[in-house]
A.B. asks: 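One structure, pasted below without further comment.
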Amino acid sequence: MPKIAVLTSGGDAPGMNAAIRAVVHQAAVHEARVVGIKHGFEGLLKREFVDMDLGSVDDIIQHGGTVLRSARSDRFRTAVGQEEAAANLKEAGIDGVIVIGGEGSYRGGAALTTKGIAVIGVPGTIDNDIPCTDYTIGFDTAVNTVVDAMNKIRDTATAHERAFVVEVMGRASGHIALMAGLAGGAESILIPEIPFDLDDVCRRLKWSAERGKVHSIILVAEGVASAYAIGEEMKKRTGFDTRVSVLGHLQRGGAPTAFDRILASRLAAQAVEVLLEGENQAAMCYRAGQVEAIPFSQVFATTKDIDRSLYDLAAVLAM
Ligand code: F6P
């Protein structure tokens with residue numbers, strides 16, 4: 001009976017539980033045993049192994065977070081740590097590991113493949129910054145969370161006739177800011193991928209106030225600058241009553257959307273197939289509605305670009 005492991009690593013993302021559930025169910029179909037590794041690569045170093053059966057993934061598809069917990073491991077980043085991790089897997093008789101996480105977790109997984117461990121990566125991060133996949137698990141939920149927050153902020157912004165600078169997550173990428181800005185009607189969207197002129201942002205703010213708009217939301221991706229610094233500067237340049245809201249980790253929690261549950265289920269179920277077919281390293285991707293497996297090297301060789309046309313559309317819609 002083949003024995004496979006599954007772990008979640010890096011920042012948790014809504015839908016990770018749906019992915020774990022799909023791994024266990026698909027493995028059951030193939031009569032493969034599943035070992036859950038708690039606390040990501042850190043738990044792998046500590047041999048935090050738990051046997052998983054269908055019962056262990058009952059009632060989790062609707063929950064954010066990850067039942068396997070997650071962690072960021074400094075020890076696993078070292079060559080010694082990676083040797084130790086591979087040895088722990090071999091000792092436990094594990095044939096391959098499904099790593100659910102972001103690009104950093106993929107790099108950890110790829111390191112394990114050089115030590116003779118089969119690893120399949122499943123893209124799980126709210127940031128949507130993994131190349132070669134249109135969407136990562138958790139991104140859709142995070143965008144909806146930001147839009148919901150923007151709706152609420154807009155109410156108070158209108159009541160007090162204020163401008164709000166709202167900071168969203170995304171690490172070095174602006175995908176969350178762009179999509180939430182489009183859906184939430186942000187007056188300006190500041191993302192690391194596209195240079196901006198703060199004077200221009202201020203001019204637009206004044207112009208929309210002159211035409212009678214009493215509320216504004218400037219959405220800032222965390223990779224651009226601190227929203228506090230931007231808010232302060234805008235206040236100085238426009239004299240507008242400006243407030244700042246940093247949404248922070250609430251973007252990582254909550255029940256996953258149907259889209260994220262289905263995405264996670266499809267990617268993870270296929271990851272099990274790929275692993276049991278004998279593939280020793282691959283990154284699962286979702287492209288144009290299809291699930292595919294590609295080499296890690298292909299993911300590492302490219303970057304995830306912003307769709308410039310969406311950015312331009314957001315500017316039109318913000319007028
Ligand atoms: O990668 C997900 C993410 O939430 C990023 O958007 C953010 O920059 C980072 O993780 C925060 O990490 P931590 O929870 O370790 O502070």
Side-chain angles (χ1 to χ4, degrees), residues 7-20 38-43 63-77 99-110 121-150 165-181 184 186 189-193 219-230 244-257 260 263-264 267 283-284 286 299-300 303-306:
L7 63 81
T8 48
S9 163
D12 61 301
M16 280 183 163
N17 282 327
I20 296 165
K38 301 206 95 172
H39 303 110
F41 293 118
E42 187 62 25
H63 295 298
T66 158
V67 291
L68 288 176
R69 312 285 186 252
S70 193
R72 303 193 192 276
S73 173
D74 287 335
R75 199 147 67 96
F76 182 73
R77 285 196 193 98
V99 172
I100 306 166
E103 204 180 327
S105 309
Y106 276 19
R107 289 190 187 274
V122 172
T125 165
I126 63 165
D127 302 334
N128 203 27
D129 59 351
I130 301 184
C132 306
T133 186
D134 295 344
Y135 295 104
T136 57
I137 298 162
F139 173 67
D140 184 64
T141 306
V143 167
N144 278 286
T145 299
V146 173
V147 170
D148 182 51
M150 287 173 74
V165 179
V166 177
E167 183 182 307
V168 299
M169 281 185 166
R171 206 176 285 278
S173 77
H175 297 281
I176 295 178
L178 178 57
M179 298 311 266
I189 302 172
L190 311 185
I191 55 177
E193 293 87 346
L219 209 54
V220 184
E222 65 175 344
V224 168
S226 147
Y228 287 102
I230 289 181
V244 173
S245 185
V246 177
L247 299 186
H249 286 80
L250 71 83
Q251 295 161 90
R252 289 234 298 256
T257 58
D260 273 329
L263 177 73
L267 288 165
M284 302 307 298
Y286 178 81
V299 175
F300 301 149
T303 50
K304 176 81 168 271
D305 294 330
I306 281 287

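Order of appearance sets the numbers: ligands from 1, and atoms from 1 within every ligand.
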A.B. asks: side-chain contact (heavy atoms from CB on, under 4.5 Å) with Y228: which residues, sequence neighbours excluded?
C.D. replies: S226, V244, V246
A.B. asks: Could you check whether the rings of F41 and F76 sit parallel, tilted or perpendicular, using 30° and 60° as the cut-offs?
C.D. replies: parallel
A.B. asks: Kindly tell me which protein residues have any non-hydrogen atom under 4.0 angstrom away from an atom of ligand 1, grouped by chain and ordered by number?
C.D. replies: R72, T125, I126, D127, M169, G170, R171, E222, H249, R252
A.B. asks: Is T8 reaching over with its side chain to a backbone N or O of S70, donor-acceptor style, under 3.5 angstrom?
C.D. replies: no
A.B. asks: Does a side chain donor of either D140 or T257 reach within less than 3.5 Å of an acceptor in the other side chain?
C.D. replies: yes
A.B. asks: Which heavy-atom pair separates L178 from I191 by the least distance, and what is that distance?
C.D. replies: N-CG2, 4.4 Å
A.B. asks: How close do Q251 and E167 get, counting heavy atoms only, and between which atoms?
C.D. replies: NE2-O, 4.5 Å
